[in-house]
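Data first, discussion second: the structure below is written as structure tokens.
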Amino acid sequence: MLLNFDAGPATLPREVLDQAAKAIMEYDNTGLSILEIPHRGALFQAILDEANALVRELLNVEQEYEVLWLQGGGRLQFSMVPMNFLAEGQTAGYIDSGHWAAEAIKAARLYGQTATVASSREERYKHIPQWAGIPPELAYLHLTGNNTIFGTQFRHFPETVVPLVADMSSELFSRVLDYDKFDLIYAVAQKNIGPAGVTLVVVKKALLDKGPVRELPEILDYQVLSRHNSVLNTPPVFAIYCSLLNLRWIRGQGIKELEARNGEKAALLYKTIDESPLFYGVADVASRSSMNVCFRAYSEEYTAAFLDFALKNGITGIKGHRSVGGFRASLYNAISLEHVQQLVNVIRKFEALAT
């Protein structure tokens, strides 16, 4: 099999894939495929209950948080957050640290005023921008914890009296954080959670009670979705079930252990790139992501050549985002240190042939 370093849909643990494949044929000795179980029945309710409990346990958040499993991806959350919490005449704060942060700002401007409290756009998003202070009158402050396209990651977060909203799509469950400081977290599943098709939202009930600030269709109203326990409409049952399997795997590994492992993986790959005569890292060292290692070739002639060479040697998913080019190796939880060593071996083998 190919080693998949794609930014998403990303690699899942083999045991999760095996369990999911078995459930497609028959789920839990029920005589039904997981693809056939009723979404309003007891079987799916048990899946949902366990998944919700595991999210709270792994993030170490209490019952004052609601857990929602929604559709529409991160782009829908870019709009749902201001729809629900940015009233007419209010201003929401945003930290502009990359492409997806900028997309969130663009979406919010349809519903109210936005203030960019910090940005690294002028430096081509090579680092996490520094903020001087957060205005206390903001409706909320939004940030993107890890920037997949530019390979940067927050190491610390703003201290603020306004609700803190974070897009944690490409790093949730990869490191230990104090999630109590966040009022709303959202993350698409296809990075560290599960397969594409579902988005996890974890929101404080106190923030939930403040919205929606305008009349909305039920499907866009966090309060309504919460009251229906993520089953207002037919949810993506299989994607949520696979996410549950992966959450069980994460609990078995331990987030502290995963964080240490992720640090080892990133250190190995960054060291290889820093020592390379052909490649160089994109992000400033202090802002480097442990999830997405972005790098380029000093000479563009090596870009297509290395992608082809890597594929012939069992490595896929390392092509950089279409907007920036170059390379990107995503080191999500299911990627092992051995997998990264194989990528390092391929890099060195290519260097030996090219120099």
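Index from 1, following the sequence. Note that the structure is predicted; figures quoted are calculated from it, not measured.
In terms of modelled atom types and a separation under 3.5 Å, the side chain of Ser226 and the main chain of Tyr222 share no donor-acceptor contact. Side chain of Asn84 to backbone of Met80: a donor-acceptor contact under 3.5 angstrom is found.
For Glu122, the CD atom is loosely surrounded, since the number of other residues' heavy atoms within 6.0 Å does not exceed 12. At most 12 heavy atoms of other shown residues, nucleotides or ligands fall within 6.0 angstrom of atom NZ in Lys22. Residue Arg40 places its CZ atom among more than 12 non-hydrogen atoms of other residues, nucleotides or ligands, all under 6.0 Å distant. Gln113 CD: 12 or fewer foreign heavy atoms inside a 6.0 Å radius.
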Verdict with reasoning, Gln253 to Asn333, per side-chain contact (heavy atoms from CB on, under 4.5 Å): CA-CA 10 Å; Gln253 303 295 306; Asn333 286 339; over 6 Å; no
Side chain to side chain donor-acceptor pair (under 3.5 Å) evaluation trace for Glu36 with Ser33: CA-CA 5 Å; Glu36 300 172 326; Ser33 166; 4.9 Å; no
Trp69 vs Leu200, side-chain contact (heavy atoms from CB on, under 4.5 Å): CA-CA, chis, key distance, verdict: CA-CA 5 Å; Trp69 299 89; Leu200 175 63; 3.9 Å; yes
Derivation of the side-chain contact (heavy atoms from CB on, under 4.5 Å) call for Lys349 and Phe309: CA-CA 10 Å; Lys349 185 177 177 182; Phe309 183 82; 3.7 Å; yes
Derivation of the side-chain contact (heavy atoms from CB on, under 4.5 Å) call for Leu207 and Tyr140: CA-CA 10 Å; Leu207 179 61; Tyr140 58 82; over 6 Å; no
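For the side chain to side chain contact (heavy atoms under 4.5 Å, CB included) criterion with Ser287, the lone passing option out of Arg155, His127, Gln153 is His127.
The closest side-chain heavy-atom distance from Asn246 to Cys242 is not below 4.5 Å.
Residues Phe279 and Tyr302 place their aromatic rings such that the two centres sit no closer than 6.0 Å. Annotation: Phe157 is in aromatic contact with Phe182 [ring centroid separation under 6.0 Å]. Residues His142 and Trp100 place their aromatic rings such that the two centres sit no closer than 6.0 Å.
For the pair Glu171 and Lys191, the salt-bridge criterion is not met [side-chain N within less than 4.0 Å of a carboxylate O]. Salt bridge status for Asp274 with Arg288: present, with a side-chain N to carboxylate O gap under 4.0 Å. Between Arg14 and Asp18 there is a salt bridge, with a side-chain nitrogen of the basic residue lying less than 4.0 Å from a carboxylate oxygen of the acidic one. Salt bridge annotation for Arg214-Glu88: absent, with no cationic side-chain nitrogen under 4.0 angstrom from a carboxylate oxygen. Salt-bridge check for Lys256 with Glu259: failed, with every basic side-chain N at 4.0 Å or more from each acidic carboxylate O. At a threshold of 4.0 Å, the pair Lys312-Asp308 counts as salt-bridged, since one of the basic side-chain nitrogens sits closer than that to a carboxylate oxygen.
Donor-acceptor pairing under 3.5 Å is lacking for the side chains of Gln19 and Arg248. Under 3.5 Å, the side chains of Asn292 and Tyr332 contain a donor-acceptor pair of N or O atoms. Side-chain contact of Ser170 with Asn146: a donor-acceptor pair under 3.5 Å is present, judged by distance alone. Side-chain N/O atoms of Ser169 and Asp167 include a donor and acceptor closer than 3.5 Å.
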